[in-house]
Undergrad: 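Take a look at the following structure, please.
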Amino acid sequence: MKTAATRDTPEEVRTRLRAARSVFVLTGAGVSAESGVPTFRGGGGAAVWKGMPFYEISSAGMVERDLPEVWAWFDYRRGVLKTLRPNPAHATLARWQDRFAEFTLATQNVDGLHRAAGTREVLELHGNVWIARCMSCRARADVRELNDEERPPACPDCGSPMRPDVVLFGEVLPAGVFERAAARAAACEVCLIVGTSALVYPAAGLPELAKQMGAFLVEVNPERTHLSALCDVSIKGRAGEILPRLDD
Ligand code: OAD
Ligand code: ZN
């Protein structure tokens with residue numbers, strides 16, 4: 001039976017979590033919104049940088065056409081992120097790795113804030129802005145350890161150009177990470193969907209898979225999404241306020 005959406009934390013969710021052995025959480029840009037990270041959609045308009053919508057500057061085609069410009073966009077994003085800190089939603093999820101027998105955190109975010117909050121294992125479906133990847137030999141490096149005057153930076157191993165290790169529009173997810181997330185989503189008892197518009201696949205398919213396999217689905221988002229109708233409970237509110245209240 002579907003519970004009506006409410007601003008409050010439904011007792012049913014707390015009860016389900018108390019009994020759960022296996023919990024899967026999918027997060028999106030909204031979990032970092034209260035840290036100051038801009039979301040892509042919602043809130044009145046799509047993100048635009050130098051006149052380009054994010055799906056153009058963050059695209060596989062742009063890497064081919066103008067790699068230095070792609071670096072400029074990610075340098076800009078890292079510049080914003082550098083000053084930001086995890087919020088109570090990230091902190092609650094970090095505690096949950098020790099609360100449940102099996103806990104999986106999969107994120108679409110590339111900001112690294114779940115790790116900064118102390119989550120040891122994060123399935124980063126879309127990569128991480130702090131990592132660069134060589135375009136020929138696949139070596140990886142921390143962007144902060146590369147020459148920041150050189151764009152694109154040269155691979156420390158083979159000298160070829162490097163690119164941000166993130167998934168761009170028109171690209172597939174890194175090998176293995178989606179499969180791991182799907183296996184955990186399929187096996188969970190409770191699936192939480194926090195701060196995502198659930199429009200980008202395959203990530204948005206993970207809660208659908210969890211539901212098909214019998215999980216109890218809970219969404220935390222101030223707005224209605226594409227997945228709201230599928231959820232058992234849709235909690236309308238901000239992640240940083242709601243998640244700590246789901247923590248016993
Ligand atoms: P979106 O920007 O599409 O959606 C953000 C969601 O967060 C919206 O549904 C908001 O209503 C919600 N939101 C806003 N503030 C919130 C808060 N304080 N607490 C909880 N929710 C809040 O971001 P994603 O769904 O993450 O991909 O976008 C998916 C992917 O699209 C991103 O990973 C990115 C983008 O293209 C890549 O970069 C590959
Ligand atoms: Zn290389």
Side-chain angles (χ1 to χ4, degrees), residues 6-40 42-43 77-78 80-131 142 144 177 180-181 184-185 188-198 203 206-207 210 215-223 225 231 233-248:
T6 163
R7 287 194 70 80
D8 295 312
T9 306
E11 194 49 35
E12 189 182 5
V13 177
R14 295 163 61 91
T15 306
R16 291 273 180 174
L17 285 172
R18 260 182 232 124
R21 242 185 67 76
S22 163
V23 173
F24 178 89
V25 180
L26 174 68
T27 65
V31 80
S32 297
E34 289 153 83
S35 294
V37 181
T39 59
F40 298 96
R77 288 177 69 184
R78 272 191 302 273
V80 173
L81 283 172
K82 208 163 52 189
T83 61
L84 305 181
R85 295 288 165 266
N87 69 54
H90 298 108
T92 302
L93 294 172
R95 285 195 295 276
W96 285 8
Q97 67 196 334
D98 301 317
R99 174 178 174 188
F100 300 102
E102 279 172 34
F103 178 74
T104 304
L105 177 56
T107 188
Q108 300 166 83
N109 299 344
V110 294
D111 57 28
L113 287 174
H114 284 303
R115 271 179 217 284
T119 299
R120 296 179 293 272
E121 193 199 4
V122 187
L123 299 178
E124 291 179 312
L125 300 168
H126 293 166
N128 188 309
V129 285
W130 299 100
I131 309 291
D142 188 317
R144 290 159 289 198
V177 68
R180 278 208 300 287
R184 312 260 185 100
C188 77
E189 291 157 9
V190 178
C191 171
L192 260 94
I193 308 141
V194 184
T196 174
S197 60
L206 292 167
F216 187 78
L217 239 59
V218 181
E219 175 176 66
V220 179
N221 199 310
E223 290 176 29
T225 76
C231 288
V233 178
S234 232
I235 305 176
K236 288 255 171 3
R238 287 148 56 101
E241 291 163 16
I242 301 294
L243 289 192
R245 286 157 57 193
L246 296 177
D247 209 8
D248 269 337

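Because the structure is predicted, anything quoted here is derived from the model rather than measured.
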Undergrad: Tell me, please, which residues at least two apart from E219 pass side chain to side chain donor-acceptor pair (under 3.5 Å).
TA: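 Only T225, S228, S234 meet the side chain to side chain donor-acceptor pair (under 3.5 Å) criterion with E219.
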Undergrad: For residues T119 and V122, report the shortest heavy-atom separation together with the two atoms involved.
TA: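 What the structure gives for the nearest pair is CG2-CG2, 3.7 Å.
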Undergrad: For R16, what residues pass the side chain to side chain contact (heavy atoms under 4.5 Å, CB included) criterion, not counting sequence neighbours?
TA: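 R16 satisfies side chain to side chain contact (heavy atoms under 4.5 Å, CB included) with E12, V190, F216 only.
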Undergrad: Using side-chain heavy atoms (C-beta onward) and a distance below 4.5 Å, is V37 in contact with L81?
TA: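 Yes, side chains in contact.
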Undergrad: Measure from the side-chain N and O atoms of Q97 to the backbone N and O of G118, and report whether any donor-acceptor pair falls under 3.5 Å.
TA: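 Pair found, side chain donor or acceptor close to backbone of G118.
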Undergrad: Between L206 and A185, which heavy-atom pair has the shortest distance, and what is it?
TA: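 Minimum heavy-atom contact is O-CB, 3.8 Å.
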Undergrad: Could you work out, with side chain to side chain contact (heavy atoms under 4.5 Å, CB included) as the rule, every residue matching R78, not counting sequence neighbours?
TA: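 Applying side chain to side chain contact (heavy atoms under 4.5 Å, CB included) to R78 gives W71, F74, D75, V129, W130, V143, R151.
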Undergrad: Side chain of H126, backbone of Q108: donor and acceptor closer than 3.5 Å?
TA: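 Yes: the side chain of H126 pairs with the backbone of Q108.
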Undergrad: Determine which pairs satisfy salt bridge (Lys or Arg N to Asp or Glu O under 4.0 Å) with at least one residue from residues 88-98, sequence neighbours left out, and list them in order.
TA: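 Only R95-D247, D98-R120 qualify under salt bridge (Lys or Arg N to Asp or Glu O under 4.0 Å).
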Undergrad: Compare every heavy atom of G240 with every heavy atom of P88, then report the nearest pair and how far apart it is.
TA: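 Looks like CB-O, 3.6 Å.
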Undergrad: Can you give me the closest heavy-atom contact between F24 and A106, atom names plus distance?
TA: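 Taking F24 first and A106 second, the nearest heavy atoms are CZ-CB, 3.8 Å.
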Undergrad: If you look at every heavy atom in V220 and A239, which pair is closest and at what distance?
TA: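 Result for this residue pair: CG1-CA, 4.0 Å.
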Undergrad: Is there side-chain contact between V23 and C188, with heavy atoms separated by less than 4.5 Å?
TA: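 They are not in side-chain contact.
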Undergrad: How would you list, by chain and number, every residue that makes a side chain to side chain donor-acceptor pair (under 3.5 Å) with S35, sequence neighbours excluded?
TA: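 S35 satisfies side chain to side chain donor-acceptor pair (under 3.5 Å) with N87 once adjacent residues are dropped.
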Undergrad: When rounded to the nearest 0.5 angstrom, what is the spacing between CZ in R180 and CD in E121?
TA: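 The distance works out to 6.5 Å.
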Undergrad: Go through the structure and list residues passing side chain to side chain donor-acceptor pair (under 3.5 Å) with R144, not counting sequence neighbours.
TA: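 Applying side chain to side chain donor-acceptor pair (under 3.5 Å) to R144 gives D142.
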Undergrad: What residues, two or more places apart in sequence or in another chain, satisfy side chain to side chain contact (heavy atoms under 4.5 Å, CB included) together with T15?
TA: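 Testing T15 for side chain to side chain contact (heavy atoms under 4.5 Å, CB included), a comparison that skips the adjacent residues, returns E11, R18.
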Undergrad: Just to verify, what does R115 make a salt bridge (Lys or Arg N to Asp or Glu O under 4.0 Å) with, not counting sequence neighbours?
TA: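 Scan of R115 (salt bridge (Lys or Arg N to Asp or Glu O under 4.0 Å), adjacent residues dropped) gives E124.
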Undergrad: For L246, which residues count as a side chain to side chain contact (heavy atoms under 4.5 Å, CB included) partner, sequence neighbours excluded?
TA: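 Listed in chain order: T9, V13, R14, L17, W96, L192, I235, I242, L243.
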Undergrad: Side chains of E189 and R21: closer than 4.5 Å at any heavy-atom pair?
TA: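 Yes, side chains in contact.
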Undergrad: Output all residues satisfying side chain to side chain donor-acceptor pair (under 3.5 Å) with R238, sequence neighbours left out; order by chain, then residue number.
TA: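 Side chain to side chain donor-acceptor pair (under 3.5 Å) list for R238, sorted by chain: E241.
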Undergrad: Could you pull out every donor-acceptor pair under 3.5 Å between side chains of residues 25-32 and any protein atom, sequence neighbours left out?
TA:
from: T27; atom 1: OG1; to: T107; atom 2: OG1; distance (Å): 2.7
from: T27; atom 1: OG1; to: H114; atom 2: NE2; distance (Å): 2.9
from: S32; atom 1: OG; to: H90; atom 2: NE2; distance (Å): 3.2
from: S32; atom 1: OG; to: D111; atom 2: OD2; distance (Å): 2.7

Undergrad: Heavy atoms only: give me the nearest L125-A181 pair and the separation to one decimal.
TA: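 Minimum heavy-atom separation between L125 and A181: CD2-CB, 4.0 Å.
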